[in-house]
Student: 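Here it is, the structure in full.
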2 protein chains.
Amino acid sequence: MKKSSRLSLALHALVHLEAQPDKHLTSTALASCLLTNPVVVRRILGELREARLVAASKGPSGGWMLARPAEDITVREVYAAMGESLLVRTQSEPGDHGCAIVRSVDAVMKDVLADAEALLAERLAQLRISDLARQTHGARIPQLG
Amino acid sequence: MKKSSRLSLALHALVHLEAQPDKHLTSTALASCLLTNPVVVRRILGELREARLVAASKGPSGGWMLARPAEDITVREVYAAMGESLLVRTQSEPGDHGCAIVRSVDAVMKDVLADAEALLAERLAQLRISDLARQTHGARIPQLG
DNA sequence: TTTTCATGTAACTTTATCTGTTACATATAG
DNA sequence: CTATATGTAACAGATAAAGTTACATGAAAA
């Protein structure tokens, strides 16, 4: 894991959950699929849980499940739930704003990036977890131990 | 300075250069405008110099100038010159690609982000340094010492 | 030609952010 | 009760960006 691949991890986890709709998958099991740590899985799926995209249950035979059918979960929702921007923030520090040029550059770029993000969101709204899962068909989906 | 605000710094510097078309501005003078370090200015403007957007001259009365009129420099060119992506890379590590799900998620997201980036670039091509400068009119442009 | 002042870079330090890890509280099925 | 899962806090390590220092190089100006 290197870059900010949180969104990628989240999508990956969701597709794994989709692949086994009736099972609860534990953070540990998912972590071994995602080649990361159970705590990292909990952190990421925790955000998705707050957005009601997945549900967690504790105790023996507990774990994670999709809270809704994969057809009803768009990548846009996942993206929003992560509270992450796919667009780099170009804003300067608050302290720099004494300069009028900084303010106008920031303002213009903020507008442009807001537009771009809206377009991107629109595009992501067309993509569903089930689409990602379908994309994997033909390729083998590794079963969990 | 905190975030990856290199593009913001570059645009800010270019607008300062536009504001004083006949003067050479030194890295030190620009650094005090941008509230950063002369070396950082040289690093950033150095990339713009390679893209022929600005020119540098050494020695006394040397410094930086726009290589072309501000009307002929688009933000897209600046963006390209910085070799920076405004879009976050969602790709996983090469090692993770043993899993078919990772590969398909990455592939789909790569396509979506490439489309989004193309749209963004198109939009940035409409924006010129002179537009950013005009945006600052009415607000005072601080003169350099 | 010599001095002065600017860029051009390399190398290192500092800082911010993200991930990995450990530890433990909490809850729940059996 | 006990085993096993999530939920979090707290801290360590890795990475990348920015800040800093130092100095070589080159060009204008005296």
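Just so it is clear: chains get the letters A, B, ... in the order the sequence lines come, proteins before strands, and each one is counted from 1.
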Student: For Arg43(B) and Thr28(B), take the nucleotide of DNA chain C holding the closest heavy atom to each; which residue's nucleotide lies nearer the 5' end?
Tutor: Thr28(B)

Student: dA5(D) P sits how many Å from Leu25(A) CG, rounded?
Tutor: 12 Å

Student: Just the rounded figure in Å: distance from P of dG30(C) to NE2 of His24(A).
Tutor: 10 Å

Student: Return yes if some donor-acceptor pair links the side-chain N/O of Asp115(A) with the main-chain N/O of Val112(A) below 3.5 Å, else return no.
Tutor: no

Student: Please give, in whole Å, the distance from dA6(C) P to Lys23(B) NZ?
Tutor: 14 Å

Student: For Asn37(A) and dT21(C), what is the distance between atoms CG and C1' respectively, to the nearest whole Å?
Tutor: 6 Å

Student: Which pairs, with at least one residue in residues 67-76 of chain B and sequence neighbours excluded, count as a salt bridge (charged side-chain N to carboxylate O under 4.0 Å, His left out)?
Tutor: Arg68(B)-Glu77(B)

Student: Measuring only between side-chain heavy atoms, which start at C-beta, is Leu132(A) closer than 4.5 Å to His12(A)?
Tutor: no

Student: Give a yes or no answer on whether the side chain of Arg6(A) reaches the backbone of Met82(A) with a donor-acceptor pair at less than 3.5 Å.
Tutor: yes

Student: Check the distance between dG19(D)'s P and Arg42(B)'s CZ and give it to me in whole angstrom.
Tutor: 14 Å

Student: For DNA chain C, which residues in residues 46-67 of chain A have a heavy atom at a distance below 4.0 Å?
Tutor: Lys58(A), Gly59(A), Pro60(A)

Student: Using atom types as modelled, flag every donor-acceptor pair under 3.5 Å from a side chain in residues 52-59 of chain A to any protein atom, sequence neighbours excluded.
Tutor:
from: Ser57(A); atom 1: OG; to: His24(A); atom 2: ND1; distance (Å): 3.3

Student: Do the side-chain N and O atoms of Trp64(B) and Thr26(B) include a donor-acceptor pair separated by under 3.5 angstrom?
Tutor: no

Student: Of the listed nucleotides (dA22(D), dA6(C), dT19(C)), which one gets closest to any side-chain atom of Val39(B)?
Tutor: dA22(D)

Student: Rounded to whole Å, how long is the line connecting atom CG of Leu45(B) with atom C1' of dA6(C)?
Tutor: 14 Å

